[in-house]
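So you know, we letter chains A, B, ... as the sequences are listed, proteins then strands, and number each from 1.
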There are 2 protein chains.
Amino acid sequence: MRPPAPPPDLPDLAAIRAAHARIHSLVACTPVLNTPALDAILGAEVHVKCENLQRVGAFKARGACNAVQSLDAAAARRGVATHSSGNHGAALAYAAQQRGIVAHVVMPENAARIKVANVEGFGGQVHFCAPTVTAREQACAAVLTATGATLVHPYDDPAVIAGQGTAALELLEARPDLDVIVAPVGGGGLLSGTAIAAHGVKPDIIVLGAEPAWADDAARSLASGCVEPLAGTTTIADGLRSSISPRTLHAMRTHVAAIGLCSEAAIVAAMRLVWEKAKIVIEPSSAVVFAAMLEGTLAVAGRRVGVIVTGGNVDLDRLPWQD
Amino acid sequence: MRPPAPPPDLPDLAAIRAAHARIHSLVACTPVLNTPALDAILGAEVHVKCENLQRVGAFKARGACNAVQSLDAAAARRGVATHSSGNHGAALAYAAQQRGIVAHVVMPENAARIKVANVEGFGGQVHFCAPTVTAREQACAAVLTATGATLVHPYDDPAVIAGQGTAALELLEARPDLDVIVAPVGGGGLLSGTAIAAHGVKPDIIVLGAEPAWADDAARSLASGCVEPLAGTTTIADGLRSSISPRTLHAMRTHVAAIGLCSEAAIVAAMRLVWEKAKIVIEPSSAVVFAAMLEGTLAVAGRRVGVIVTGGNVDLDRLPWQD
């Protein structure tokens, strides 16, 4: 009989506070907004932590900055790398730029022009590869071998999780009276950091997640206790198409009371609703929390709810309610 | 020879501070945001006072609340009235609702459904009239006669101007280091209040205005020293289609260094730019300040600039860059 696996390495509240001290001059302390017209529709008092107003337009700047700032000088000189072409890729480029080191970002050759421009705009070095998982992993391995750069995973990394948790620290500083805190789940890095920070600061707060029904691996994994695979998904919430990891599942099993699901139609409706009522630009991945509230899969009626809005990077020429 | 006309009744800093004390529990202290990616394009350090995140989605809540809260009990009981169908109409309905009195809003029978719904959503009583200036004035006069309500003008009113000036007070509280403060000009109520507040708090700050070249009455009036009429305009900045008044011209002549003009194309480009970079929903009337910066008609290069973003009420199904 094999001994049980040791618990995965996860940050605690002290690590998240240390991350905050490390990154607070590099990221924005984003505002927390309440919109009565939105509360009336959602049936709860909702306080929105606006990470869409964060540097690079997403909370990912927090985790990337903490990972980069945590490197020792020798490792930092060799640079960092990732194969995320979304918000994490841009965030890592930003974080590296702030430290004056290079970020290598492997992207498929068919990546949207705007995503390439985002990474390059922060001085990131883009490496194109064929648009397959194998090609991507090979390209990334080749970059790591050639440069000695440190791979910074978008969520399966304690330093990244600690950085993401700093948004919840700030939210609870602004609104210590929250009953509930909710974040979307993709790979689970944000929800893990949020949960650890929130329960560290306020042990009786209820921590909830939200994800698209089309990418319900976190809900299924929480139910079964094992990492359940995520089959290919085409959810419009493209930031949430990742699978959770044993590490993030462990954090969720410890802290998360429930994960609410939502339909694709509700994501689009919720996104439009937030733009219209709260006057902020949020991306589909951020809208899932509001979508789950609209569909009644999060038990928050009448509660004081903190919501982490994850980002605002959308194509303004193609809005989903206009398709 | 006639004696010179007395100077028009305008609030001073004390009146604006009193307005702030009167309304601060009824309006949001909106955040002040800075977006480095936007600064890089605009060539200045821009601090945005987000009145698009204000109650009713526009700064107009401030002036309307101050006017309504300033009424004595007997006048308040008879209600308030206006014939503005835009943000001021909704703001007056909101202000009246907060005091528990009625707001009568005269609107053309062809007004957009969303505007009618906005007013009614705050409990305002809508009175429809034929879509002509004469019919509107007759309808408004009839309402005033029948009800004894107090007319609250959208800008030509010292209490309204004092209320609008409270946004600048908050902006300078958050950023006392501003070199310049800029607001759009329609009727001039916001710019008047902003200018009086800003020079009251910080006498050496430079106060600028911005308006569409297609509605350049404020710039022409400032040049000639007389109220120059505004011919019918179809500028996309529909909140700025009003003519200034002798009262607001007096405030501008005293305080405003220059008014920058901008093209219609620049308004659309600037609106899209702010949505994309700052992740906030702003309406065309708010975009004129950024448009004038893009076109170089405001001398702010390298300065620390406060900008009052006036509102975020737009039709999300019809965005101007998609036409």
Side-chain angles (χ1 to χ4, degrees), chain A residues 26-41 48-58 61 87 90 94 97-98 114 117-118 121-122 174 268-269 271-283 286 309-323, chain B residues 26-41 48-58 61 87 90 94 97-98 114 117-118 121-122 174 268-269 271-283 286 309-323:
Chain A
L26 305 173
V27 301
C29 180
T30 54
V32 177
L33 299 180
N34 171 256
T35 307
L38 196 56
D39 290 355
I41 293 165
V48 174
K49 177 67 173 167
C50 292
E51 289 295 298
N52 54 332
L53 309 180
Q54 186 52 266
R55 304 282 174 259
V56 317
N87 287 332
Y94 169 77
Q97 186 181 52
Q98 295 299 309
I114 179 85
N118 269 348
F122 293 113
V268 174
M271 180 175 161
R272 190 187 194 292
L273 180 71
V274 170
W275 287 40
E276 182 172 302
K277 299 297 181 189
K279 314 295 181 193
I280 54 174
V281 172
I282 69 168
E283 58 195 35
S286 301
V309 155
T310 52
N313 292 323
V314 295
D315 180 349
L316 292 174
D317 292 317
R318 290 194 60 240
L319 297 175
W321 54 82
Q322 298 178 320
D323 283 353
Chain B
L26 305 173
V27 300
C29 179
T30 54
V32 177
L33 299 180
N34 170 255
T35 307
L38 195 57
D39 290 356
I41 293 166
V48 174
K49 177 68 173 167
C50 292
E51 288 295 299
N52 54 331
L53 309 181
Q54 186 50 267
R55 304 281 173 260
V56 318
N87 287 332
Y94 170 77
Q97 186 182 52
Q98 295 299 310
I114 180 82
N118 268 347
F122 293 113
V268 174
M271 180 175 160
R272 190 185 192 293
L273 181 70
V274 171
W275 288 40
E276 183 172 303
K277 299 298 183 189
K279 314 296 182 192
I280 55 174
V281 173
I282 70 167
E283 58 195 35
S286 301
V309 154
T310 52
N313 291 322
V314 294
D315 181 349
L316 292 174
D317 293 318
R318 290 194 59 240
L319 297 175
W321 54 81
Q322 298 178 321
D323 283 355

Undergrad: Under the side chain to side chain contact (heavy atoms under 4.5 Å, CB included) rule, collect the residues that match up with B:A269, sequence neighbours excluded.
TA: none
Undergrad: Could you measure the distance from the NZ atom of A:K279 to the CD atom of B:Q54? Nearest 0.5 Å is fine.
TA: 12.0 Å
Undergrad: I'd like to know which of A:L53, A:I282, A:T30 tops the heavy-atom pair count under 4.5 Å against chain B.
TA: A:L53
Undergrad: Counting only non-hydrogen atoms closer than 4.5 Å, does B:A37 touch chain A with its backbone (N, CA, C, O), its side chain (CB onward), both, or neither?
TA: neither
Undergrad: For B:L33, which atoms come within 4.5 Å of any heavy atom of chain A: side chain, backbone, both, or neither?
TA: side chain
Undergrad: Between B:V32, B:V56, B:N313, B:N34, which residue shows the highest count of heavy-atom pairs closer than 4.5 Å to chain A?
TA: B:N313
Undergrad: Can you sort out the partners of B:K49 under salt bridge (charged side-chain N to carboxylate O under 4.0 Å, His left out), two or more places apart, ordered by chain and number?
TA: B:E170
Undergrad: For chain B, which of A:I280, A:L316, A:D317 has the most heavy-atom pairs under 4.5 Å?
TA: A:L316
Undergrad: Among B:P36, B:G57, B:A40, B:A28, which residue has the highest count of heavy-atom pairs closer than 4.5 Å to chain A?
TA: B:P36
